[in-house]
Chemist: 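This is the structure I have questions about; it appears just below.
Note on naming: letters A, B, ... go to the chains in the order of the sequence lines (proteins, then strands), and numbering restarts at 1 for each one.
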Amino acid sequence: MKKYLLPSVKLTVLLLVLLAGIYPLFIAGIAKMAPGKGGGVTVTHNGKVVGYENIGQKFTDDKYFWSRPSAVDYNAAGSGGSNKAPGNPDYLKTVAERTDTFLAHNPDVKKADIPAELVTASASGLDPHLSPAAAYVQIARVAKARGMAPEKLKQLVDANTQAPMLGMFGPSTVNVLKLNVALDELK
Amino acid sequence: MTTEILGVIATYGLTLLLAWPLARYIVKVFKGEKTWSDFMAPMERLFFKISGINPKEEMTWKEHLKALLTINLVWFVYAFFMLMFQDKLPLNPDGNPGQSADLAFNTAISFLVNCNLQHYSGETGMTYLTQLFVLAFLQFVSAATGIAALIVVFKAFKEKTTTKLGNFWDIFLKTNTRILLPFCVIIALILAFNGTPASFDGKDTVVTMQGDTVNVSRGPAAGFVAIKHLGTNGGGWFGVNSSHPLENPNYVTWMTEMVAQVVIPIAMVFALGMFINRRKFAYVIFGVMTIGMICLLIPTMMAEINGNPAIAHMGIQQATGAMEGKEVRFGPAATGYWSTVTTIISTGSVCGFHDSTMPMTGMMELLGMMLNCFYGGCGVGILNYYIFIIIAVFISGLMVGRTPELMGHKLEAREVKIAAIITLLSPFLILAGTALSSWVLAHHPEANWAVKPSAWLNNPGYHGFSEMLYEYTSANANNGSGFEGLGDGNVFWNVSTGFVLILGRYLPIIGPLAIAGIMASKKYIPESAGTLRTDSITFGAMTFAVIVVLTALSYFPALALGPIAEYFSLY
C-alpha cells in the first residue's frame, strides 16, 4: 500500500486542478455566450424581471392561467416533489380537495374534463409547463375574469404552445409564465 | 402519446448509433493506438512525471487492486474532511453549513463508490466548492475506477497465459483525460446553451407576477450534470435531480442526458468484443442485456401511461398518464424509460419521482437495481454480468458433464467459490438491511435521532416497506436513486447505508478482478469440439435463465411484501 500512497496523493491533487478547477471554469467561460450568460434565462414584463423562463411560479388569481400544484409552493430556493404513493389515502384526499377548489373556480368545467396534471404535484415543485389541454380547460374562467372573448384566449394559448421537438418527439407544452405575460400585454 | 413513445425509441436508437463509434475509440485508446485525442499525451506525461509514476510498468491483478484501493482511500479521507468543514472554506455564496460527521461519512462514501445516494439537498447542504472539488471530482474518478477495473479484466481475457495486466495509473488517467473529460465538455455545452446555469453566481431574488418574492438557486451546474450522467453517477446539483427545470430544461437536454448516461455502458459491451476479438461473444451479451431491459421497460411504460387507478376512480381523466411527481415537458413515457435505464445502469438520477410511480413501475425499478447487470454502471456492469457468466459456465459444465472452461482457461473450485460469494452478497446486504430497519421501526419508534423511526416513512402500508427496501437496494447496487419520501437524514441511515455502499462496491470489483487474474495465469487450452461454446445463443439463454432464477429466488419474498402487495391493493 505504502508504495502507492504518494503517487495517489500527487495524482489526486493534479486531477483536482484539471477536473474540478479548469473544467468548470472553461464551461462557465464559454457559457457566457449562451442565452442568459450561463446564469439562467429571465423573463421581463413592463421593463421589470418577473421570473426565470424555466422556473415555474405560483398563479392563483382567476385572471391568470394557473400553474400545477407544487409540493414546495414554488419556492425556488429549494425544490421537491410530494413523494406520495399512488394509493396513499392522505394523498388521495389532497387530490380530491384540489379538484373541488378547481371546480369552484371553474363552474363551467365538468370533473371528467380536468386533466390530472392540474390536481397532481410536479416532480420538481417548479414545473414551468402545462399541457395544451390543461391550458384550454382554464380559458372560460380567465375569459370571464378579464371580460375577453374565449376565442382570443385560445389563439393566445396556441401561439404559446411549444410543439414536440422536430414535430415528432416528446409532449407539447405551454410555458405558464410566458403565457401569462403575453396575457397581460394583450390589449 | 405517440410523439412521446417515438421520442423514447429515437433516444434509444441514437444511443446505439453513438455507442458503436465510441466503442471503437475506447478500444484504440486502451490498445495504445493513434487517436484524435493524442494532444492530451504531453499533459498525461507531465502528470506521471510529477506523481513519480512509470506508466509502462506492468502490474499483476493484486497490484492493480492495491493501487485502486489506495487511491480510493485517499479520496475518502479528503472528501470526508472537506464536507465537514465546507462552511469555513471559500466559494459558499449562499452561506450553507458544514455537514455533520455521519452525513459527511455517508456523502463521501456515496460519491466515492459511484452511488450518489444523497441524504442532503444540493441547494442547502453543499457549497459550490464541495459540489465541484468533492462531488464532481469523485464523479469523474469513481467512474474511471470502474472502467479501469474492467479494462484489466479485458486484458486478462485477451492473453493466453499472463500475469501482467497493464498499468493501473495509465488506464485510470487515460479514462479521465481521453474518455470522460472530452465528452463531458460537449455535453455540458449542449446543456448550457439550452438553459442550464454554468456561472458561479449565487441565488437570485425575483418578484413574481403575483407579487411573491422568490429566491432562485443557481450555480455552475452544467459541467456537473454532464459528468453525473456520463459517469453513471446520478447525484444531482439541485435536490430534485434531473427533474429540476434548470438541471434538465427541455426535451433536447432530456435526450442528451439520457444518451449520456447509457452510452458508455453499451459501448463497453461492444468494446469487449472488439478488444478480445470475440465479437460474437459480445453480441450475445448485448442481446441478453437488451432483452432484459425490454422486459423491465414495457410494464413500466404501460403502467405510467395508463395512469393511477385510484385517481381514475375519482372520475378525473389522465390523458397525459400518471402525473404525480412528473414534469409536463417529459411526460409519463419518457419518465418511465428514464426510470428503467437509471436503475439498470446504476446512474440513479431521476427526471420524475420513483416514490410516486405505480406499484408495477416500483417493482421494475427495484428489479433493475437487484439485477444491476443489464448494461450496468460504468465498467462495473460487465463485471457483475461476468459473475453470472461464471455461474452459468459452471452449471452448464455440470449439466453436460464437461470441465467448465472460459476463454481457454479451466474454471475451478476457487473461482466458483468467489463468484458464489459475490452472488450471495447482494441479497444478504439488501435483505439484512431492510430487516434491521424494519425491526428498529417496529421496536424503537421513538429513538432519539434527527428523524425518529416513527417518522421515517412518507407513506403507510406496503409502500412504506418498499421505501426501506428501495434504500438498501439502491445502496447495494451503488445506484443512488431513492423512494425519496423516506426520512433518511439521520445517523441510522447514514451509517447503515454507508457500510452497505462500501461492501456493495468493492467486493464486486475485487471478486471479478481476482477471478479474471487467476484464470489468466492458468495454462491455455485451445478450443476443441469438446469445448462449451460461450458465444452461442444457447449460452446466452442459459445466462439469462441463471440471472432470472437467482434473482427470483433471492428477492421474491421481499417484493411480495412491498410492490406486489401494493399492486393488488390498488388495482
Chemist: Which atoms of B:T208 are under 4.5 Å from chain A, going by heavy atoms: the side chain, the backbone, both sets, or neither?
Modeler: both
Chemist: Answer with side chain, backbone, both or neither: which region of B:A67 has an atom nearer than 4.5 Å to a non-hydrogen atom of chain A?
Modeler: both
Chemist: How many angstroms lie between atom OG1 of A:T99 and atom CD1 of B:I316, to the nearest 0.5 angstrom?
Modeler: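 The distance works out to 3.5 Å.
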Chemist: Against chain B, label A:A133 side chain, backbone, both or neither, depending on which of its atoms sit under 4.5 Å from a heavy atom there.
Modeler: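 Nothing of A:A133, per the 4.5 Å heavy-atom cut-off to chain B.
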Chemist: For B:N459 and A:N83, indicate whether the former's side chain and the latter's backbone hold a donor-acceptor pair under 3.5 Å.
Modeler: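 Side chain of B:N459 to backbone of A:N83: a pair is present.
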Chemist: Do the side-chain N and O atoms of A:Y52 and B:D204 include a donor-acceptor pair separated by under 3.5 angstrom?
Modeler: yes
Chemist: A:N160: which residues meet the side-chain hydrogen bond (donor to acceptor under 3.5 Å, both in side chains) condition with it, sequence neighbours left out?
Modeler: none
Chemist: For the side chain of B:N458 and the backbone of A:S82, is there at least one donor-acceptor N/O pair under 3.5 Å apart?
Modeler: yes
Chemist: Okay, side chain of B:Q318, backbone of A:P115: is any donor-acceptor separation there less than 3.5 Å?
Modeler: no
Chemist: For the pair A:D127 (side chain) and B:V328 (backbone), establish whether a donor and an acceptor sit closer than 3.5 Å, ignoring hydrogens and angles.
Modeler: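 Yes.
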Chemist: Could you tell me which portion of B:T335 (side chain, backbone, both or neither) has an atom closer than 4.5 angstrom to a non-hydrogen atom of chain A?
Modeler: neither
Chemist: Would a distance-only check, ignoring hydrogens and angles, find a side-chain to backbone donor-acceptor pair under 3.5 Å from B:T3 to A:M168?
Modeler: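 No: the side chain of B:T3 does not pair with the backbone of A:M168.
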Chemist: Please classify the contact of B:I9 with chain A as side chain, backbone, both or neither, using a heavy-atom distance under 4.5 Å.
Modeler: neither
Chemist: For A:K37, is it the side chain, the backbone, both, or neither that has a heavy atom closer than 4.5 Å to a heavy atom of chain B?
Modeler: backbone
Chemist: Measuring from A:D184:CG to B:M209:CE, what's the distance to the nearest 0.5 Å?
Modeler: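 Result: 4.0 Å between the selected atoms.
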Chemist: Could you look at B:W75 and say if it's the side chain, the backbone, both or neither that has a heavy atom under 4.5 Å from chain A?
Modeler: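 For B:W75, the side chain is the part near chain A, not the backbone.
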Chemist: Check whether any side-chain N or O of B:S356 sits under 3.5 Å from a backbone N or O of A:K84 as a donor-acceptor pair, and report yes or no.
Modeler: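 Indeed, once roles are kept as given, a pair shorter than 3.5 Å links the two residues.
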Chemist: Side chain from CB out, backbone as N, CA, C, O: work out which of these in B:F172 comes under 4.5 Å of a heavy atom of chain A, or both, or neither.
Modeler: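 Answer is side chain: those atoms of B:F172 sit under 4.5 Å from chain A.
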Chemist: When rounded to the nearest 0.5 angstrom, what distance separates CD1 in A:I30 from CZ in B:F193?
Modeler: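 Output value for this atom pair is 7.0 Å.
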Chemist: Could you look at B:V185 and say if it's the side chain, the backbone, both or neither that has a heavy atom under 4.5 Å from chain A?
Modeler: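 Both backbone and side chain of B:V185 come within 4.5 Å of chain A.
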Chemist: Going by the side-chain hydrogen bond (donor to acceptor under 3.5 Å, both in side chains) test, name the single residue among B:E247, B:E327, B:K326, B:H244 that passes it with A:S124.
Modeler: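 Of B:E247, B:E327, B:K326, B:H244, side-chain hydrogen bond (donor to acceptor under 3.5 Å, both in side chains) with A:S124 is met by B:E327 alone.
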Chemist: So what's closer than 4.5 Å to chain B heavy atoms on A:V13: side chain, backbone, both or neither?
Modeler: neither
Chemist: Has the side chain of B:D201 got a donor or acceptor atom that lies under 3.5 Å from a matching backbone atom of A:G39?
Modeler: no
Chemist: From B:N72 CG over to A:T12 OG1, what is the distance, rounded to the nearest 0.5 angstrom?
Modeler: 9.5 Å
Chemist: Between B:E4 (side chain) and A:P171 (backbone), is there a donor-acceptor pair under 3.5 Å?
Modeler: no
Chemist: Sort B:V141 into side chain, backbone, both or neither according to what part of it lies under 4.5 angstrom from a heavy atom of chain A.
Modeler: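 The answer is the side chain of B:V141.
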Chemist: Chain A heavy atoms under 4.5 Å from B:L6: which part of the residue, side chain, backbone, both or neither?
Modeler: both
Chemist: Do you know which of B:S121, B:G461, B:P460 has the most heavy-atom pairs with chain A at a distance under 4.5 angstrom?
Modeler: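 Of the options given, most contacts go to B:P460.
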Chemist: Does A:Y23 have its ring centroid less than 6.0 Å away from the ring centroid of B:F140?
Modeler: yes
Chemist: So, do B:R329 and A:Q162 sit near enough that their side-chain heavy atoms are less than 4.5 Å apart?
Modeler: no
Chemist: Report the distance from atom CZ of B:F137 to atom CG of A:L15, rounding to the nearest 0.5 Å.
Modeler: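 These two atoms lie 5.5 Å from each other.
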Chemist: Short question: side chain of A:K10, backbone of B:I53 - any donor-acceptor pair under 3.5 Å?
Modeler: no
Chemist: To the nearest 0.5 Å, what is the distance between OG1 on B:T2 and CZ on A:F169?
Modeler: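 Those atoms lie 12.5 Å apart.
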